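What follows is a single structure, written as structure tokens, with notes after it.
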Amino acid sequence: MNKVINTSLVRLDADLGGTTTEVITKLAGIVHEAGRADSAEVLAADALARESKSATGVPGGVAIPHCRSEAVSEPTLAFARLSRPVDFGGPDGDADIIFLIAAPAGGGKEHLKILSKLARSLVRKDFIDSLHNASSAEEIVTLVDDVLNPKPKAEAAAPEHHASASNVTRIVAVTACPTGIAHTYMAADSLTQTAEKRDDVELVVETQGSSAVTPLDPKVIDDADAVIFATDVGVKDRQRFAGKPVIESGVKRAINEPAKMIDEAVAASKNPNARRVAGSGQAVSTEETGESLGWGKRIQQAVMTGVSYMVPFVAAGGLLLALGFAFGGYDMANGWQAIATNFSLTNLPGHTIDIDGVATTFDRSGFLLYIGAVLFATGQAAMGFIVAALSGYTAYALAGRPGIAPGFVGGAISVTIGAGFIGGLVTGILAGLVAMWIGSWKVPRVVQSLMPVVIIPLLTSFVVGLVMFLVLGRPLEWIMVSLQDWLGSMSGSSAVLLGIILGLMMCFDLGGPVNKAAYLFGTAGLSTGDEASMQIMAAIMAAGMIPPIALSIATILRKNLFTPAEQENGKSSWLLGLAFVSEGAIPFAAADPLRVIPSMMLGGATTGAISMALGVGSRAPHGGIFVIWAVDPWWGWLIALVAGTIVSTIAVIAMKQFWPNKAVEAEAAKAAAVANA
């Protein structure tokens, strides 16, 4: 494998611009010029998308923007020591040492191991000082090579185990970040190096990164006095730490405040009232720090998890229902169950079939009618799980695996009593919280093994069932029935207003919580099969298609108003839009939210209003233009789609034209200068 860094990838005392976007874009260009990336624009867009999720500044005036990208051909490091430091969100101000870590999208774990070695060295002050003092690109390359390919050292004596020392606190920690390349390992080494300087602490860390994960020895976990979770994503197999006092924070806090986190863990180990990792596997924080998740945020994340797990049921079931109609005709819905169960490929149905003692005539017969009924029956089975899946996986997000069974039970009860998806949301949250609480009980060791597989699911299901049947069931049923009646009565201006609201929500955060809430509203109602619900689904899907399509067209019509990275994204975002993948517009919104998001919301509202006004309905919950055969009337849907696209395209061009983005103008001017050179 080629070296991940060479002198062509190094810039010393360079001015790469005054913003994060400019610096990352220039570094991506350096990687491209060195022949390590097919497209500087795509690499820059991927790195900026990662940067928008969480700033990459770390202590010491260092920043490590990083990403995995389809444009990258081999693992690469680009280095810049800036003459004009730039704010990368680090804890001690602007950064002047910048590493762009670029990994191939399909690279193996060995690539990621190499890249993670650099990240771990960035917590060493001597290494940072060497980077500041280096006088040549060759010296930088040598420093980095020494880190990535260290010379073998004589085996050090194993550290003395303090198992018998009563004044030693044993701590286990887990670090994890979304990308799993940099912060995961920096946090681990920051905690480890801090602990090594103390005589009162023994600390072992499990890094759950993108390279190989070596789980902690169960004996080490069992002997631990406290746990530190420094993660921005879920901890794998949390239940291993059940009953241990725990400190929980984002991964960057472990980099910035390792000593404080260790002190908190030591204090928690000696506090009998400290909060603990629940037996269900759900960890809760011990201190109300700014890094800890509040209950509102935690429940919101749980609901979003439930929705994300529910969507495949909806997509598969809804598309199968639509295919069933396409094959068997719309009147097949009047007897799909009898057709699917009473006939076979060797006994195909005719035009007239006895359904519950009534002779029923269908437009189609034979193979098409039978296959349509089978597809419809399969789709109905999938749709029958959506409320239970929503509830079960919401509970799972709160309480881990022991929450799944009571969550599914609660969802099934919601369907039984007519509480629908609203009941599913309530039972999911209720089951998760109850399971989490039961999991926090201090029980004898002999009972601990039974907690997650028997006791927690049993008691939680019992509680959820009692609460739903005795207290919440009737009120939730009334809310659901009232909602369905209101939707069924909508017409004229009220339907148009709902279309506007849904269109605004779909384009507000492009796949975020607001977008998902609108989508959940549409898909949950789709299972009822009534006309109003199908109209809502059509409006939601069309509105969600607008942003990627409109931005793609805008980059073609007014290329100079967009950065090279945005122009590159525009070449493919139209296809994502046609497939109803709203996330195709995220790079544009992340780079210029004040101009892009309002423009997209305007077009989404237009589409939603027109779709509802024309009474367009969709039997498919996903697929965009590729399921237009499931939309009726299709021409009305296309009118709404085209109108919204035109509005958003004109709006975003006008916003960028009359309220110019200085950074974009600078990038465009530089690109033009390069093109004319």
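Keep in mind that what you see is a predicted model, and the values were worked out from it rather than measured.
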Residues at least two apart in sequence or cross-chain that pass side chain to side chain contact (heavy atoms under 4.5 Å, CB included) with A14, listed by chain then number, are R11, L16
Check whether any side-chain N or O of [X] sits under 3.5 Å from a backbone N or O of [Y] as a donor-acceptor pair, and report yes or no.
X: T427; Y: G424; result: yes
X: E257; Y: R253; result: no
X: S611; Y: T607; result: no
X: W637; Y: A538; result: yes
X: S391; Y: G407; result: yes
X: T606; Y: L602; result: yes
X: S39; Y: A71; result: no
X: T555; Y: S552; result: yes

If you compare all heavy atoms of [X] against all heavy atoms of [Y], which two are closest, and at what distance to 0.1 Å?
X: A554; Y: I653; value: CB-CG1, 4.0 Å
X: L43; Y: A102; value: CD1-CB, 4.0 Å
X: I625; Y: M545; value: N-CE, 3.7 Å
X: C507; Y: I597; value: O-CG2, 4.1 Å
X: M601; Y: F508; value: SD-CD1, 3.8 Å
X: T20; Y: D87; value: OG1-O, 3.0 Å

Check the pair S414 / L476 against side-chain contact (heavy atoms from CB on, under 4.5 Å), numbers first and verdict last. CA-CA 9 Å; S414 297; L476 291 175; 5.8 Å; no
Can you tell me how far the [atom1] atom of [X] sits from the [atom2] atom of [Y], to the nearest 0.5 Å?
X: I546; Y: L551; atom1: CD1; atom2: CG; result: 10.5 Å
X: M541; Y: I536; atom1: CE; atom2: CD1; result: 13.5 Å
X: T649; Y: I553; atom1: OG1; atom2: CD1; result: 4.5 Å
X: L641; Y: I646; atom1: CG; atom2: CD1; result: 10.0 Å
X: F79; Y: I30; atom1: CZ; atom2: CD1; result: 11.0 Å
X: L100; Y: T56; atom1: CG; atom2: OG1; result: 9.5 Å

Side chain proximity check, [X] to [Y], heavy atoms < 4.5 angstrom:
X: Q567; Y: E41; value: no
X: P633; Y: L614; value: no
X: I628; Y: L638; value: yes

Report, as yes or no, whether the 6.0 Å neighbourhood of atom CZ on F385 holds more than 12 heavy atoms from other residues, nucleotides or ligands.
no
Within a radius of less than 6.0 Å around CZ of F313, do more than 12 heavy atoms belonging to other residues, nucleotides or ligands occur?
yes
* Please lay out, stage by stage, how M600 and S648 fare under the test side-chain contact (heavy atoms from CB on, under 4.5 Å). => CA-CA 5 Å; M600 298 305 104; S648 278; 3.8 Å; yes
Practice item. Would you please test R558 and Q657 for side-chain contact (heavy atoms from CB on, under 4.5 Å) and show each step? Key: CA-CA 9 Å; R558 295 299 303 274; Q657 177 71 46; 2.6 Å; yes
